[in-house]
Asker: 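Supplied in structure tokens, the structure appears directly below.
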Number of protein chains: 2
Amino acid sequence: MSSVTIKDIAKLAGVSHTTVSRALNDSPLINPETKERIKAIAASMNYTPNYSARSLVLDRSYNLGLFFTTLHTGTSAGFLYEAIKGVNDVIKDGYNLIVRGIDDYKSFHKVNRKNFDGILIMSQSDSDQSFIEYASDKEIPLVVLNRPVEGVQVMNFVPDDQSGAYRLTEYLVQQGHRHIAIIEGKQGFKSTQARREGYCEALHKHGIFVPEAYYVSGNYDLESGHAAMSKLLELPDRPTAVFCCNDDMALGAVKAVTERGLSVPEDISVAGFDDNLFSAFMSPALTTVRRPIEELSRAGAEKLLKFIETKHSEQSLVLFHTELVIRDSVKSI
Amino acid sequence: MSSVTIKDIAKLAGVSHTTVSRALNDSPLINPETKERIKAIAASMNYTPNYSARSLVLDRSYNLGLFFTTLHTGTSAGFLYEAIKGVNDVIKDGYNLIVRGIDDYKSFHKVNRKNFDGILIMSQSDSDQSFIEYASDKEIPLVVLNRPVEGVQVMNFVPDDQSGAYRLTEYLVQQGHRHIAIIEGKQGFKSTQARREGYCEALHKHGIFVPEAYYVSGNYDLESGHAAMSKLLELPDRPTAVFCCNDDMALGAVKAVTERGLSVPEDISVAGFDDNLFSAFMSPALTTVRRPIEELSRAGAEKLLKFIETKHSEQSLVLFHTELVIRDSVKSI
DNA sequence: CATAGAAATGCACACGTTAACAATGCTATT
DNA sequence: AATAGCATTGTTAACGTGTGCATTTCTATG
């Protein structure tokens with residue numbers, strides 16, 4: 001039927017709707033006995049509050065946004081999964097989590113303070129800078145994950161990709177590799193740049209020169225890893241190790257190796273980045289860098305909620321440690 | 001600053017707020033010239049409507065729910081990803097998509113007609129039957145994906161898992177296998193049952209007896225596939241082929257094979273189910289059954305939107321064809 | 001006993017939007 | 001010229017909830 005309102009309850013309880021509102025919100029103004037009585041009646045009528053009405057007067061939407069740069073190419077399934085899980089673990093029953101790709105919005109019209117109590121942006125590219133600025137402009141409480149953002153004052157949680165890539169590359173060098181290629185991430189993504197820089201930094205420090213042909217572009221998906229590795233394998237001066245900028249591409253790369261009758265790591269070593277759920281179960285198990293996306297998402301969500309409650313924020317940029325995970329896909333030579 | 005309302009616009013335009021409302025909603029009642037003038041003013045003040053107010057009076061929330069049985073064990077990353085992508089592709093700017101695990105709700109309180117214009121349930125288990133009944137009871141427009149649901153009148157979109165499993169198993173038999181084991185899905189999930197039944201049906205039809213030890217339980221995640229295959233490999237009468245009830249477990253299973261120095265498919269054949277994004281890139285590429293989750297989600301979302309618009313639904317159960325995908329992980333013997 | 005003050009409840013309005021109905025001015029038809 | 005009818009705009013109430021202020025009742029204190 002039509003839903004019951006506090007006025008219906010009031011009528012039945014013989015009080016005003018004000019008293020009902022206060023009782024259900026546990027106001028100290030109300031006599032404990034009446035309070036209990038009203039709550040009982042409400043339960044028996046199985047009343048559920050109209051959040052639209054509440055939102056209107058309280059100026060809160062109870063909506064939280066989790067936005068990705070895109071839900072299409074560049075965002076891996078594991079990445080999405082971990083982020084959603086992390087955030088959903090933190091938010092209580094009181095909030096709705098709205099998930100969307102920024103590039104799915106034709107206009108940002110609907111994104112404003114009335115509609116969102118807060119926003120988490122899983123930012124992967126400079127391309128969403130305009131969205132970040134828009135949200136900041138609208139004074140929506142804002143947490144940006146994954147990418148360090150400049151120019152705008154936001155709460156920022158990012159994994160230290162560069163030093164992760166650095167340590168991984170250094171590890172390859174320590175295993176005796178001197179011919180190390182890189183399969184890069186999606187063009188324009190900040191993470192692509194950070195990982196390449198870590199890679200270059202390590203090689204430069206050890207005085208290793210990288211020929212142009214060892215830089216191969218990819219876009220973070222499986223196929224691009226496969227295609228890139230295929231190119232590398234046909235090089236006259238084939239590398240002994242390949243750093244793939246994420247695990248998806250590493251899986252594709254390994255495939256390219258095995259389908260030529262070669263093997264990892266005997267004929268060529270492969271390393272990845274992210275430590276996806278599946279990476280430990282690849283054959284061979286993938287050496288990679290763990291990026292704590294779920295923890296980072298959880299921390300971001302907690303911070304956002306606290307900010308919404310207290311309107312007070314302290315720290316603005318938090319770096320999350322990335323960790324070298326050594327498995328079996330790199331050979332010592 | 002504080003946001004602008006239609007009354008502010010009205011004041012500036014020298015008309016009543018009703019006229020503004022009508023103008024912005026393209027009512028034919030309004031003189032085209034005033035309409036344009038008002039729209040211009042609204043844009044210049046960069047007005048954005050308060051959806052809470054609109055929701056209150058129109059009795060629509062502009063929220064759509066996409067609910068999973070759980071976001072924890074049993075839901076693979078690829079599954080979540082495809083579903084979200086499919087639905088988000090369909091819904092327009094006008095709707096918010098709220099993603100959540102049903103088991104994350106302490107109480108269903110917030111789930112009601114006022115808060116959700118419609119709900120998609122990606123149902124994986126009988127355990128969410130109570131949620132489905134709850135939503136149906138509240139008369140929320142409801143689409144159930146992935147699992148055929150009984151007892152409740154809903155719009156239902158499900159992949160034909162059983163016949164997929166049947167065809168896959170029959171294929172294994174055609175390749176000469178007579179010792180075929182199964183690594184099962186999560187206990188209590190409907191898909192687990194359907195796939196087992198397809199498997200049994202095929203073997204029974206070909207008069208093949210399955211020893212008790214060939215039924216090994218799993219829970220759809222990588223580790224369980226690994227553990228289950230480890231058990232099978234230690235059997236005195238080792239199977240020649242193993243049907244893993246999803247691709248994640250197949251990956252784990254392959255791992256168990258290779259880390260014993262054996263190889264797929266030379267020493268043992270492995271098949272999966274789902275056709276995850278990564279399956280084509282495994283080594284060897286996985287023979288599996290494609291389950292069109294993204295298409296199915298898209299179809300479900302379209303149906304839901306149409307129902308919300310027209311309040312009219314025709315067909316109630318739609319079966320989606322599953323397709324055998326033959327790759328390299330099964331040997332002919 | 002008078003009264004100050006606390007405890008409990010109600011009245012009335014606000015939030016921003018839509019829509020039924022009323023009102024106004026104008027045109028065309030008789 | 002009177003009037004019916006159309007085009008356009010305004011008046012007012014409604015959606016369900018929360019809250020400042022007024023009101024009532026009761027208790028304790030001098």
Side-chain angles (χ1 to χ4, degrees), chain A residues 1-39 41-42 45-63 94 109-110 112-117 138, chain B residues 1-39 41-42 45-63 94 109-110 112-117 138:
Chain A
M1 336 257 115
S2 86
S3 51
V4 349
T5 74
I6 54 172
K7 289 188 182 172
D8 300 327
I9 301 177
K11 209 167 290 173
L12 218 80
V15 295
S16 75
H17 78 277
T18 307
T19 303
V20 175
S21 170
R22 292 202 178 104
L24 297 178
N25 287 326
D26 260 334
S27 157
L29 291 178
I30 301 296
N31 185 316
E33 290 164 28
T34 20
K35 196 184 281 186
E36 283 318 308
R37 193 165 58 87
I38 289 174
K39 282 186 178 176
I41 295 178
M45 298 177 79
N46 73 59
Y47 164 78
T48 63
N50 183 320
Y51 280 80
S52 298
R54 184 180 284 179
S55 293
L56 181 57
V57 53
L58 291 188
D59 202 25
R60 304 189 56 189
S61 62
Y62 302 97
N63 285 340
H109 223 62
K110 270 200 81 173
N112 55 51
R113 278 226 50 195
K114 305 280 180 201
N115 267 265
F116 290 93
D117 288 349
K138 292 266 176 186
Chain B
M1 297 292 114
S2 89
S3 52
V4 347
T5 73
I6 54 172
K7 290 189 182 173
D8 300 327
I9 301 177
K11 208 168 291 173
L12 218 80
V15 297
S16 76
H17 74 277
T18 307
T19 303
V20 175
S21 170
R22 292 204 179 102
L24 297 180
N25 289 326
D26 261 335
S27 156
L29 293 178
I30 301 295
N31 184 318
E33 291 165 29
T34 21
K35 197 184 283 189
E36 283 317 310
R37 195 165 56 89
I38 289 174
K39 281 185 179 177
I41 295 178
M45 298 177 80
N46 73 59
Y47 164 77
T48 63
N50 183 321
Y51 281 81
S52 299
R54 184 180 287 178
S55 293
L56 182 58
V57 52
L58 290 187
D59 202 26
R60 303 189 57 189
S61 63
Y62 302 99
N63 285 340
H109 223 63
K110 269 199 82 174
N112 55 51
R113 278 225 50 193
K114 305 280 180 202
N115 267 265
F116 291 93
D117 288 348
K138 293 264 175 187

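Source: prediction; values computed, not measured. In the text below, chain A, chain B and the rest are named by the order of the sequence lines, each starting its count at 1.
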Asker: Find the distance A:Lys35:NZ to C:dT9:P and express it as a whole number of Å.
Answerer: 10 Å

Asker: Indicate, with a heavy-atom threshold strictly under 4.0 Å, whether A:Ser52 touches base, sugar-phosphate, or nothing.
Answerer: nothing

Asker: Hey, is the side chain of B:Tyr51 poking within less than 4.0 Å of OP1 or OP2 on C:dC15, counting only N and O atoms?
Answerer: no

Asker: Counting only side-chain N and O atoms of B:Arg54, is one of them less than 4.0 Å from OP1 or OP2 of C:dT18?
Answerer: yes

Asker: Backbone N or O of B:Asn115 within a donor-acceptor pair of the B:Asn63 side chain at under 3.5 Å?
Answerer: yes

Asker: Select base, sugar-phosphate, or nothing to describe what A:Asp59 touches, counting heavy atoms under 4.0 Å on all strands.
Answerer: nothing

Asker: Given 3.5 Å as the limit, does a donor-acceptor pair link the side chain of A:Lys35 with the main chain of A:Ser27, or not?
Answerer: yes

Asker: Of A:Thr5 and B:Ile30, whose closest DNA chain D nucleotide lies nearer the 5' terminus?
Answerer: B:Ile30

Asker: Using heavy atoms to find the nearest nucleotide of DNA chain C for B:Pro49 and B:Leu29 separately, return the residue whose nucleotide is more 5′.
Answerer: B:Pro49

Asker: Using heavy-atom distances to pick each residue's nearest nucleotide on DNA chain C, tell me which of A:Thr34 and A:His17 is more 5'.
Answerer: A:Thr34

Asker: Chain A on DNA chain D: first and last contacting nucleotide, 5' to 3', under 4.0 Å to a heavy atom?
Answerer: D:dG16 to D:dC21

Asker: Please give, in whole Å, the distance from C:dA8 P to A:Ile38 CD1?
Answerer: 13 Å

Asker: Measure distances between side-chain N and O atoms of B:Thr18 and base N and O atoms of C:dA19, and say whether any donor-acceptor pair falls under 3.5 Å.
Answerer: yes

Asker: Among A:Ile38, A:Leu29, A:Val15, A:Ile6, find the one that has a side chain to side chain contact (heavy atoms under 4.5 Å, CB included) with A:Arg22.
Answerer: A:Leu29

Asker: Starting from P on C:dT17, measure out to NZ on A:Lys110 and report it in whole angstrom.
Answerer: 14 Å

Asker: Can any side-chain N or O of B:Asp8 pair as donor or acceptor with the backbone N or O of B:Thr5 at less than 3.5 Å?
Answerer: yes

Asker: Would you mind reading off the distance between B:Ile6 atom CD1 and C:dA19 atom P, rounded to a whole angstrom?
Answerer: 11 Å

Asker: Nearest-Å distance, CE (B:Met45) to P (C:dG16)?
Answerer: 13 Å

Asker: From CG of A:Asn31 over to C1' of C:dT9, roughly how many Å is that when rounded to an integer?
Answerer: 10 Å

Asker: Between C:dG16, C:dT18, C:dC21, which nucleotide has the shortest distance from any of its atoms to the side chain of B:Arg22?
Answerer: C:dC21

Asker: Is a donor from one side chain sitting under 3.5 angstrom from an acceptor on the other, for A:Ser55 and A:Ser52?
Answerer: no

Asker: Do the side chain of A:Ser16 and the base of C:dC11 come within less than 3.5 angstrom through a donor-acceptor pair of N or O atoms?
Answerer: no

Asker: Heavy atoms only, 4.0 Å cut-off, all strands: where does B:Leu58 land among base, sugar-phosphate and nothing?
Answerer: sugar-phosphate

Asker: Does any N or O in the side chain of A:Asn112 come within less than 3.5 Å of the main-chain N or O of A:Lys114, such that one atom is a donor and the other an acceptor?
Answerer: yes

Asker: Quickly work out the B:Asn50 CG to C:dT17 P distance and round it to whole Å.
Answerer: 6 Å

Asker: Output yes when A:Asp59 and A:Arg113 qualify as a salt bridge under the 4.0 Å nitrogen-oxygen rule, no when they do not.
Answerer: no

Asker: Of the non-hydrogen atoms in B:Met45 and B:Leu12, which two are nearest, and what is the gap between them?
Answerer: SD-CD2, 4.2 Å

Asker: Contact class for A:Thr19 vs. all strands (heavy atom < 4.0 Å): base, sugar-phosphate, or nothing?
Answerer: sugar-phosphate

Asker: Regarding B:Ser55, tell me which of base, sugar-phosphate or nothing describes its non-hydrogen contacts under 4.0 Å with the strands shown.
Answerer: nothing

